[in-house]
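Computation of the quantities below employed the complete heavy-atom set of this structure, encompassing side-chain atoms and omitting hydrogens, waters and symmetry-equivalent molecules. These numbers come from a predicted model, not from an experiment. All chains are named by letter (A, B, ...) in the order of the sequence lines, taking the proteins before the strands, and each is independently numbered beginning at 1.
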Amino acid sequence: MNEEFFQRTTIEVAENLLGMLLCRKMADESVQRCLIREVEVYDGVEDKASHAHKGKTKRNAVMFGPGGYWYVYLCYGMHWMLNLVTEKEGYPAAILIRGAGDYGGPGVLTKKLNISHSLNAKLCSEQSGLWIEKNLASHPYTTLRTPRIGIDYAGEWALAPLRLKMAERC
DNA sequence: AGTAGGATCGCG
DNA sequence: GCGATCCTACTG
């Protein structure tokens, strides 16, 4: 994936991300490929649920940079959250990857794939050991949109249908 | 320097 | 429904 892919609107990238493969080079040089099933959109400074809402800080600085980089941070003192930065330089936005492969929940995902702070601000590319690939064997699915998880404090933004989930077509 | 509050999880 | 657990950001 090149920067053209990541620097579109966040919702666009999120829709594309579903059904693609999250690829991780493990310590033993093997590569794990996980189908991305669930993501959440955090778009702009207006969004009260976004870390960018309170302005640029040392932690969230990556969100303000160009799309195509990983934003990894610690949550609740024990879980690493994996986000993909989107949009152009100066516009803070990211997509939280909540579920991929058989791993449900953002904290479980990063634990299984051995993802932590060392990947923060790294490029989403094979050279960094964590990247995205198109899924050549994709199955048909529909996209389910619901409110995001764990952000009740965000007022009206807590209701916005910014969680995208892959659902089997029936 | 001290502190409040999380984009969670797994066990009851 | 709750406790674990620690970093960040904000306050004084």
Side-chain angles (χ1 to χ4, degrees), chain A residues 6-24 26 32 34-88 90-124 128 130-132 143-167:
Chain A
F6 299 113
Q7 296 192 10
R8 294 172 297 154
T9 64
T10 313
I11 195 74
E12 241 178 311
V13 179
E15 279 169 355
N16 275 263
L17 221 46
L18 281 187
M20 291 180 79
L21 298 171
L22 177 66
C23 309
R24 175 66 166 142
M26 306 301 283
Q32 275 211 48
C34 303
L35 183 70
I36 300 174
R37 299 176 174 281
E38 187 180 343
V39 298
E40 279 180 7
V41 167
Y42 290 86
D43 187 27
V45 292
E46 306 283 305
D47 183 355
K48 278 189 193 162
S50 171
H51 288 169
H53 179 65
K54 291 173 187 162
K56 191 173 179 176
T57 65
K58 199 170 176 181
R59 176 174 67 158
N60 68 18
V62 198
M63 289 184 77
F64 288 76
Y69 290 81
W70 296 114
Y71 172 38
V72 185
Y73 68 91
L74 189 64
C75 188
Y76 296 114
M78 58 186 82
H79 299 294
W80 294 102
M81 299 290 113
L82 175 63
N83 300 252
L84 183 59
V85 175
T86 57
E87 296 272 1
K88 302 210 187 279
Y91 185 99
I95 298 167
L96 171 66
I97 300 181
R98 292 190 60 90
D102 295 329
Y103 311 136
V108 173
L109 177 74
T110 52
K111 189 174 182 185
K112 299 285 188 184
L113 294 180
N114 198 26
I115 292 165
S116 68
H117 61 110
S118 62
L119 278 157
N120 186 47
K122 292 288 190 297
L123 195 60
C124 172
S128 72
L130 185 63
W131 70 100
I132 301 292
T143 302
L144 200 63
R145 291 182 62 155
T146 67
R148 293 168 294 179
I149 304 296
I151 52 149
D152 291 347
Y153 59 84
E156 64 204 86
W157 288 93
L159 303 173
L162 294 176
R163 177 184 180 213
L164 279 65
K165 200 173 182 179
M166 187 187 257

TODO: Give the dot-bracket string for DNA chain B, reading 5' to 3', where a pair is Watson-Crick or G-U wobble with both distances under 3.5 Å, ( ) marks pairs inside the strand, [ ] marks pairs crossing earlier ones, | marks a partner on another strand, and . marks unpaired.
DONE: ||||||.||||.
Open item on the list: Could you measure the distance from the CG atom of A:Leu96 to the CZ atom of A:Arg148? Nearest 0.5 Å is fine.
Closed with: 10.0 Å
TODO: Name the nucleic acid region contacted by A:Arg148, choosing base, sugar-phosphate or nothing; use a 4.0 angstrom heavy-atom cut-off, strictly under.
DONE: nothing
Task: Criterion side chain to side chain contact (heavy atoms under 4.5 Å, CB included) on A:Leu74 and A:Trp80, from CA distance to verdict - done: CA-CA 5 Å; A:Leu74 189 64; A:Trp80 294 102; 3.8 Å; yes
Task: Start and end of the DNA chain C segment that chain A contacts, any atom under 4.0 Å from a heavy atom - done: C:dA4 to C:dA9
Open item on the list: So does A:Ser128 get a backbone contact from the side chain of A:Trp70, meaning a donor-acceptor N/O pair under 3.5 Å?
Closed with: no
Task: Side-chain touch A:Trp157/A:Glu46, heavy atoms, less than 4.5 angstrom - done: yes
Task: side-chain hydrogen bond (donor to acceptor under 3.5 Å, both in side chains) assessment of A:Asp43 paired with A:Tyr91 - done: CA-CA 9 Å; A:Asp43 187 27; A:Tyr91 185 99; 3.1 Å; yes
Open item on the list: Strictly distance-based, threshold 3.5 Å: is any side-chain N or O of A:Asp47 a donor or acceptor partner for the main-chain N or O of A:Gly44?
Closed with: no
Task: Trace of the side chain to side chain contact (heavy atoms under 4.5 Å, CB included) decision for A:Leu164 with A:Ile11 - done: CA-CA 9 Å; A:Leu164 279 65; A:Ile11 195 74; 4.1 Å; yes
Task: Side-chain (A:Arg163) to main-chain (A:Ile149) donor-acceptor, under 3.5 angstrom - done: no
TODO: May I ask you to decide if A:Pro161's main-chain N or O and A:Arg145's side chain share a donor-acceptor pair within less than 3.5 Å?
DONE: yes
Task: Range on DNA chain B touched by chain A - first to last nucleotide, heavy-atom distance under 4.0 Å - done: B:dG6 to B:dG10
- [ ] List the steps and the verdict of side chain to side chain contact (heavy atoms under 4.5 Å, CB included) for A:Val62 and A:Phe64.
- [x] CA-CA 5 Å; A:Val62 198; A:Phe64 288 76; over 6 Å; no
Open item on the list: Does A:Leu96 reach a base, just sugar-phosphate, or nothing at all? Heavy atoms under 4.0 Å.
Closed with: base
- [ ] Describe the nucleic acid contact of A:Met81 in one word from base, sugar-phosphate, nothing, applying a heavy-atom distance below 4.0 Å.
- [x] sugar-phosphate
